[in-house]
Amino acid sequence: MATNPLKSDAIMDMMKEHLSTDAGKELTKKIGLVYQINVAPKKLGFEEVTYIVDLKKGEVTKGKYEGGKVDATFSFKDDDFVKVATGKMNPQIAFIRGAMKIKGSLSAAQKFTPDIFPKPSKL
């Protein structure tokens, strides 16, 4: 188990708060999909922490999804997730560079844009 907290934790906490706002509720209405995000401290696939961003219920949780199958799964290294979430790296470029891996529905994955994250001004 990784002892160092991931930078992604802070983003997920903000995401949780963001989803409880009116803007966040609009997102859940508009998107209505469930995403799994695996974040690795240093190397993809190793010591990953799993987050579920449930844009059906408007929740962010840590650990495996209990409600069946997720619509799409993303894997990132911690630093790369932070860059994508804060709009410093375009998700398409992250994917092309191999900084982001996607499993599941591509159409669902395409709805997972930096717009769903709270604006970086809050960072």
- Task: Report the C-alpha distance between D9 and K62 in whole Å, list the side-chain angles of each, state the deciding distance to 0.1 Å, and finish with yes or no for side chain to side chain contact (heavy atoms under 4.5 Å, CB included).
- Result: CA-CA 9 Å; D9 268 342; K62 220 175 198 177; 3.2 Å; yes
Nearest 0.5 Å, please: how far is [atom2] in [Y] from [atom1] in [X]?
X: Y35; Y: K56; atom1: OH; atom2: NZ; answer: 10.5 Å
X: S8; Y: D80; atom1: OG; atom2: CG; answer: 9.5 Å
X: M12; Y: E17; atom1: CE; atom2: CD; answer: 14.0 Å

- Query: Remaining members of V70's ILVMFWY cluster at a side-chain heavy-atom cut-off under 4.5 Å?
  - Reply: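 Via sub-4.5 Å side-chain contacts, V70 links to V34, I52, Y65.
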- Cluster partners of I93, using ILVMFWY side-chain heavy atoms under 4.5 angstrom, listed by chain and number? none
- Message: Taking S20's backbone N and O only, do any of them form a donor-acceptor pair with K25's side chain (distance below 3.5 Å, no angle check)?
- Response: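 Between the backbone of S20 and the side chain of K25 there is a qualifying donor-acceptor contact (under 3.5 Å).
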- Item | Polar side-chain atom of D78 near backbone of K7 as donor-acceptor pair, under 3.5 Å |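 Indeed, once roles are kept as given, a pair shorter than 3.5 Å links the two residues.
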Identify the heavy atoms of [X] and [Y] that sit nearest to each other, and give their distance.
X: L33; Y: K111; answer: CD1-CD, 3.9 Å
X: M89; Y: A94; answer: SD-CB, 3.4 Å
X: G58; Y: T28; answer: CA-CG2, 3.3 Å
X: G98; Y: L44; answer: O-CD1, 3.8 Å
X: A72; Y: S105; answer: CB-O, 3.9 Å
X: L6; Y: P41; answer: CD2-CA, 3.7 Å

- Task: Output, in order, the C-alpha distance, side-chain angles, deciding distance and verdict of ring-ring contact (aromatic ring centres under 6.0 Å, His included) for F74 and F95.
- Result: CA-CA 10 Å; F74 297 91; F95 181 68; 9.2 Å; no
- K29: salt bridge (Lys or Arg N to Asp or Glu O under 4.0 Å) partners, not counting sequence neighbours: E26
Taking the side chain as every heavy atom from C-beta outward, state whether [X] and [Y] have any pair of such atoms under 4.5 Å apart.
X: P91; Y: F112; result: no
X: F76; Y: V84; result: yes
X: V60; Y: L19; result: yes

- Item | Partner residues of A40 under the side-chain contact (heavy atoms from CB on, under 4.5 Å) criterion, sequence neighbours left out |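 A40: side-chain contact (heavy atoms from CB on, under 4.5 Å) contacts with E48.
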- Identify, with sequence neighbours excluded, every residue that meets side-chain contact (heavy atoms from CB on, under 4.5 Å) alongside K42.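 K42 satisfies side-chain contact (heavy atoms from CB on, under 4.5 Å) with no residue once adjacent residues are dropped.
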- Item | Passing candidate, side-chain contact (heavy atoms from CB on, under 4.5 Å) with I31, options T113, L55, D71 |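 Testing each of T113, L55, D71 against I31, the sole residue satisfying side-chain contact (heavy atoms from CB on, under 4.5 Å) is L55.
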- Would M100 end up clustered with I96 when hydrophobic side chains under 4.5 Å apart are linked, directly or stepwise?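 No, it is not one cluster - the side chains of M100 and I96 are not joined through contacts under 4.5 Å.
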- Item | Same apolar cluster (I L V M F W Y, side chains within < 4.5 Å links), V49/F46 | no
- Starting from the C-alpha separation in whole Å, work towards a yes-or-no answer on side chain to side chain contact (heavy atoms under 4.5 Å, CB included) for D79 and F81. CA-CA 5 Å; D79 289 344; F81 176 71; over 6 Å; no
- Task: With sequence neighbours left out, write down each residue that passes side chain to side chain donor-acceptor pair (under 3.5 Å) with T50, or none if nothing qualifies.
- Result: N38
- Item | Steps toward side chain to side chain contact (heavy atoms under 4.5 Å, CB included) verdict (M15, V53) | CA-CA 9 Å; M15 185 80 191; V53 177; 3.9 Å; yes
- Item | side chain to side chain contact (heavy atoms under 4.5 Å, CB included) assessment of T61 paired with D54 | CA-CA 8 Å; T61 53; D54 185 336; over 6 Å; no
